[in-house]
Structures are given as structure tokens and as C-alpha cells.
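We're numbering straight along the sequence, starting at 1. Start at 1 and go down the list; that is how both ligands and their atoms are numbered.
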Amino acid sequence: MVTQSAASTSHPSELAQPINKTAHEFDKTALDALLARRFFFAPAFEIYGGVAGLYDYGPTGSALQANVLDAWRKHYIIEEDMLELDTTIMTLSEVLKTSGHVDKFADWMVKDVQTGEIFRADHLVEAVIEARLKGDKEARGVKDEPVVEEDDKKKKKKKNVKSVAIKLDDEVVAEYESLLAQIDNYTGPELGELVRKHNIRNPTTGNELSEPVEFNLMFESNIGPTGQIKGYLRPETAQGHFVNFARLLEFNNGKVPFASAQIGRSFRNEIAPRQGLLRVREFTMAEIEHYVDPLDKRHARFNEVKDVVLTLLPKDIQSEGKTDTTQMTVGDAVAKKIVDNETLGYFLGRTQLFLQKIGIDPKRMRCRQHMANEMAHYAADCWDFEIQSSYGWIECVGCADRSAYDLTVHSVRTKQPLRVQQKLDQPRKVEKLDVQFDAKKFGMTFKKDATMIKDTLLGLEKDKLQCIKDELVNGKSSVKCADGKSYDITSDLVKIEPITVTEHMREFTPNVIEPSFGIGRILYSLLEHSYWAREQDKARGVLSLPSVVAPIKCLIVTISQDAELRAKIHEISRKMRRIGIASRVDDSSASIGKKYARNDELGTPFGCTVDFATIQKGTITLRERDSTNQLIGQVDDVIAVVDQLVKGTIDWKGASEKLEPYSGVQDVEE
Ligand code: AMP
């Protein structure tokens, strides 16, 4: 008797068709429905009504995140021999005061002067100007890209800045486009000017807006019952690295360069979280702090990435109000000084490779350089990896050269030497400025402040000391101390003289290059980039996640509810799980086509089907998700091939060389 074979139970559309992933326009509503249905993530406390900016990941989202993080650990921590950390989330307020977060980690917000409704200033300006440009296009009869809505709430928001078909003067269009290209570069007062100049109002009420005011994004807390120790939930993991620098340096035998790395939660009390996982109040970060000699920012493995091609959007292009990108190798970008140094270039190259490896579309990735106002004052250079999704270009990884700022401020505040001592090959003569004090007079003049002022003078860089020396020629100068006050000093209290010393050691504060990854943003972008629908059936959504990150690697099904076959799929699943392959049995009564469709939605890259040939000949079939092509082989051979596919040591072509193609017809006696 001829029994039904695995292939003949396939959905008719699955029979060896060329893959066309762009047959249908990207459908955000369908993707959102899929992500909710398959519980990738959902609003936290949903049954209580939820809170904006907080999300829970379900079994699929958690597995996807764990796999992205595992790939990240392998790509960076293991492959580059980084020192891994797991530091506390609750952070002493003094640490964040020293780092500048207590005073400066803020966004600008504006209020509707009548209703009190709050907006993030830059986002509102951007949304209103974008809507005006859209209205202009409508008035000119130019078809715009379809606007993608996130959910009902977002729809309302978008509706608030609804476009009206009004034609703008050409100069106004140019001005608006230039403004948008530089939207990240405006200070609070500049945003206030833009609001006035362009008559930007609350889009819902039409009311005027207040001047922008700063809102600190950190969640404040108390440590212990007395309420005397103040703390914050950390807004980044970086400070946990810096406060442990001395131990890390010792662990690395006192030598730089080396890097520390940490994966963990961070918290930001965003003014108006929207855009799903892209702007949330609690999120997972993966951060690297690479410590390097400020006089030598070369990287020993630079050659390995020098040919990686990046899509660059340098700052001078943006300052001209443009967003044209240039394709360039990492090697050229560093040689032409577009990227400041080799180490920064190295991490840009490595990040490009990482994002590609986990499935981000390289055509929808670009490196945007920070403009002057955007960049922290201490930073030497900064590039964001932006990924394009239906929400536009979003920063997903920041790569900054933070110079010696963090280690210096923590060192000054704690008086701990967060510096590297390097034995010189040859002793060298160095011209220095020696500071001498009249101890008695100095103590009597400054009393309790004397030690602080003395330490500050002794810790000054040579050029600063030279300025004070020059001023003392006229009898008087001043020095600014950590308490924020300036103290007058006179030539009878302090003498500064040049001396020549022979140095056997060199001492320096390392500079820090920091790649900082927002995992939720990468994860969401990846889901959008992976999503498509089968040409023959728009309702059949597929997530083409690479097997390295797919939540489940292999689906195991049977063509019938026969008890022997059902026992077989559990046996195969156990075998796979034992060797670490996340497999999933679907023994429901649904048709095989339905089972495959369900797993296409989960992004499961491979599927094994057990049929009566399994019992009689020991064979199973192996299906590849995107092409739906099938191979056949002995159970253990197929498992071995799946193992290699999942590990990435072979691809589907390699698998096709190890297993027979499945013809779709298999005659087996029942
Ligand atoms: P930053 O320190 O602001 O450069 O942020 C580092 C990375 O964290 C960014 O590249 C984002 O990927 C991520 N990130 C920052 N803020 C948020 C947020 N509110 N929600 C999700 N991810 C964020």
C-alpha cells in the first residue's frame, strides 16, 4: 500500500519554488500580530493596563534574546578575550554625580502651557516638521512612503501630527530638510528657538508650548532603611566597569590594551516612550570598555577588519543638512582620518560583522558620526550604528572614544590612582614643573582647605601649571578645586620651577573606546528585517532568522497520529536536545502544512518529518524553512547534519551534499 509521504503533505505552495521574499510589501500590522500571537514580547502588567515603555519577553522573545546575547558573548568576549563583569544595577549616587549623570543625563521636554501635556522637545519638533513635509508632498501630488502605525495608541499619536496637504515654498522645504538632518544636534535653547520660529504647537490642542526644560532620565532610589544613602538604577553599565578599573588592570597584569565587557539591565525614565521596544524604560545593554594607551590607539587585529565595508554618514555631511552616505572600507576610513583611530575603526568593523551574523540586513545599516553638539564634551569621536526599520533610522549601537574622562573624574574624586604604569625600555629625561610650597604660610592661609588645594596643584597637567606659573610672575593666580571653588594663590605661598628628571616609568590614564549595544533595539530591527510572507499566500508570514539566533532550531513532526510514529518524534527530540539542539515536537492534530506554517512564524529554520519509512527504513526528511526544500537520510545522519547547520559549520548547500534530495514520493508498506 502506498502511504502518504512527508512531502506530499506539504502545503502545495511549498513544492520547490524559487524564493521571492519581496513579493508582498512589508506589513507591520501582520508582523505585530505575529509577535503577539507567538509571544515574542508583550506590554508588562498588561492585565493591569500596562505602563508605557515596559515590556515582558515571552518564551520566543527570551530565547531569541538569549541567542543574540550568546552570539555577542562569543563574538566579543570569547573571541577577543575580554574580561567579563557583572556589576550592580543599584548605583551609589556619588558615582553618578562624579560621572556627570546626576547633572547632565537629561532630555529636553516642553509642556502644553494650558493642559500641561508633556512632549520630548526634539521628537515633537521632528514629528511636526516631518508632517509638514509630508503635507507638502501631498499638495505637490508626490506619493509618499506608506506610514506604518504601531498600535492604536501610536495611531493616535501619529494622528496628532497629521499631515495637511499644504504646499510649502521651496526654500522652506530645504530649511526643514536641513533641520531634520541635524535634529540630534540642537541644544535645549535652540529647540526653544525652533519651536518659536516655526510656530510649533501641541498638535492635538493647538496650544502654545513652554520653553524646553531639562528632565533627568535616572530613576532615583534610597539604599537601606534610613534613606540617607541615595542611589539610582544605573542608566548604563559603563560606570560599573570604571569603578573596578584598578582590579581589572591588576587582573590583566598591569598592561593595556584590554577590554572589559558586561551584559545587563539599564534604566532610563524616558519622557515619552513609544516605538515599542525601540524606546523603553528598562532594557538590556551589552557594553565593552576597551582601555588603550592615549598615545597609541592602534589595534593588533586591525588587519582582520580593514576590508570590511561600512556605510558612513560623516558629521560634515550632516552639518550641510544632507544624509548622503558613502561606502568605504574600515581601512580607508581610518587612513583618511574620517574615523579617528584604528581601535574605533576596529570596533566599527567588528560590529558590522556581528550585526550581519545575527541577520541584520547590511543594506539597512549605516554608521552615523555624532555632530559637535551631540557628542559629549570629552569624547574624541563617536559613531552610531543606525538600523533602518519602519520607524526610520534608529541608533542601535553607539561606538564612542570617551578619552580619559571617566577614569580621570573617578580618580580625582576617590583619590585612587586609576592609571597605568609602564616600564620604559630606555630611561628618559623629562622637563617638568616642580611645585614648592611654603608649608607654614600655606597652612595658615588656607587652613582646612590647604590639603585639597595642595593636592589639586600637584595633580595639574604641565600646561595648566605653566599658566599658573606665568600668572604668578605678576604675584597672583588662582586654582579651581573639586569643591567647585577657585582659590587665590600668591607667589610667596607657591613657587613653580622647571626641573629635569630621569624617568624609568611612564604613567598615564588610559583612554576608553566604548561600543554600547541596546539589545532590544537590535532584536526588534532583526524581527522586521527577517519578516516576509510567502508569494502564494500573503497570510503565511515567515521569520527568516538565522539558525544561530532562532529560538527553536528544529521542528519535529509526524505525518500521522500513529502511536509508533509519535514515540519516534519524542525519541528524536530527546536525542537532539541531548546534544544541545533546541528542538520542538509538534504532536498536535493539525496538518503538517499548518505545523510548518506555525514554525515559520517562530523562525524555526529546520524541520524533520517522521513517516512510516522511519519505522521501516530508519529515514527522516529534513526541510529548510525559506526554500522549503527537503532532504532525506538516516535519523542519526540527519541529526548530525542539523547539528552542523545549527553550529554554522555547514550551510544548506553543504547539507545537500551530505544527504539525498527528497523526491517527494516514498513508497512504504504500512
Ligand atoms: P547611549 O548610552 O544613549 O548611547 O545608548 C546606548 C545604546 O542603548 C543605544 O545605542 C541604544 O541601542 C540603547 N538605548 C538607549 N536608550 C534606550 C531606550 N530608551 N530604549 C531602548 N534602548 C535604548
Side-chain angles (χ1 to χ4, degrees), residues 41 43-44 51-57 61 65 68-69 72 89 91 96 99-101 104-109 120 122-123 150 184-185 215-219 232-242 261-289 344 347-348 351-352 354-355 358 360 365-371 373-376 378-379 381-389 391-402 405-406 512-528:
F41 57 89
V51 184
L54 294 177
Y55 286 89
D56 291 335
Y57 288 11
Q65 175 174 258
V68 168
L69 290 174
W72 192 89
I89 289 170
T91 306
L96 293 160
S99 64
H101 286 85
K104 295 211 183 77
F105 196 67
D107 278 336
W108 294 94
M109 62 179 185
R120 197 173 130 173
D122 54 344
H123 287 174
E150 179 198 359
D184 293 324
N185 198 31
F215 172 72
N216 193 295
L217 298 182
M218 289 195 297
F219 287 98
Y232 293 94
L233 297 182
R234 67 181 176 198
E236 57 174 22
T237 75
Q239 301 308 319
H241 300 233
F242 303 138
Q262 171 161 215
I263 296 168
R265 290 279 182 169
S266 292
F267 298 79
R268 297 183 186 183
N269 198 4
E270 295 286 347
I271 293 171
R274 50 186 187 131
Q275 304 175 312
L277 292 188
L278 299 186
R279 188 163 302 282
V280 289
R281 289 176 163 144
E282 173 174 350
F283 52 99
T284 300
M285 289 180 110
E287 290 192 298
I288 296 165
E289 310 298 334
L344 191 55
F347 280 112
L348 291 180
T351 301
Q352 171 91 13
F354 171 73
L355 293 173
I358 61 163
I360 298 288
M365 237 193 271
R366 70 181 185 194
C367 299
R368 189 181 68 79
Q369 190 174 28
H370 275 209
M371 291 174 282
N373 279 347
E374 220 182 324
M375 199 153 68
Y378 50 81
D381 193 10
C382 185
W383 291 82
D384 285 343
F385 260 89
E386 294 185 333
I387 304 179
Q388 192 189 35
S389 67
Y391 296 103
W393 288 98
I394 302 287
E395 173 204 346
C396 291
V397 184
C399 281
D401 182 337
R402 297 174 73 124
Y405 174 78
D406 303 276
V512 174
I513 314 270
E514 179 200 71
S516 166
F517 295 67
I519 299 300
R521 288 189 180 179
I522 294 173
L523 194 138
Y524 178 75
S525 311
L526 173 60
L527 288 167
E528 270 205 13

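The ligand atoms of ligand 1 that sit less than 4.0 angstrom from a heavy atom of V397 are 10 (O). Remark: ligand 1 atoms within the under-4.0 Å shell around heavy atoms of G398 are 10 (O).
Of the protein's heavy atoms, M285 CE, 3.5 Å lies nearest to atom 8 (O) of ligand 1. The protein heavy atom nearest to atom 11 (C) of ligand 1 is R521 NH1, 3.6 Å. When only non-hydrogen protein atoms are considered, atom 20 (N) of ligand 1 lies nearest to V280 N, 3.0 Å. Closest to atom 9 (C) of ligand 1, if we only count protein heavy atoms, is E395 OE2, 3.2 Å. Looking at atom 2 (O) of ligand 1, its nearest protein heavy atom turns out to be R268 NH2, 3.0 Å. Here the heavy atom of the protein found nearest to atom 14 (N) of ligand 1 is F283 CE1, 3.6 Å. The protein heavy atom nearest to atom 6 (C) of ligand 1 is S516 OG, 3.2 Å.
Within the 4.0 Å heavy-atom cutoff, I522 does not count among the residues contacting ligand 1. C396 counts as a contact of ligand 1, since one of its heavy atoms falls under 4.0 Å from the ligand.
Ring geometry, F41 versus Y57: the interplanar angle falls from 30° to 60°, so the pair is classed tilted.
Distance CH2/W72 to OG1/T351: 9.5 Å, rounded to 0.5 Å. Here D381 contributes atom CG and H370 contributes atom NE2; the two are 9.5 Å apart, rounded to the nearest 0.5 Å.
When side chains are defined from C-beta on, I394 does not count as touching Y524, because their heavy atoms never get closer than 4.5 Å. Looking at F215 and R120, their side chains never come closer than 4.5 Å, going by heavy atoms from C-beta outward.
Of the possible polar contacts, none joining the D184 side chain to the D122 backbone as a donor-acceptor pair under 3.5 Å is found. Between the side chain of Y55 and the backbone N or O of E282, no donor-acceptor pair lies under 3.5 Å.
Here L278 has backbone heavy atoms under 4.0 Å from ligand 1, and that is the only part of it that gets that close.
A salt bridge links E236 and R402; the closest N-O separation between the charged side-chain nitrogens and carboxylate oxygens is under 4.0 Å.
Comparing A238, G518, P273, G53 against atom 13 (C) of ligand 1, the shortest heavy-atom distance belongs to G518.
Cation-pi check for R368 over W393 is not met; the charged atom does not lie both under 6.0 angstrom from the ring centroid and within 45 degrees of its normal.
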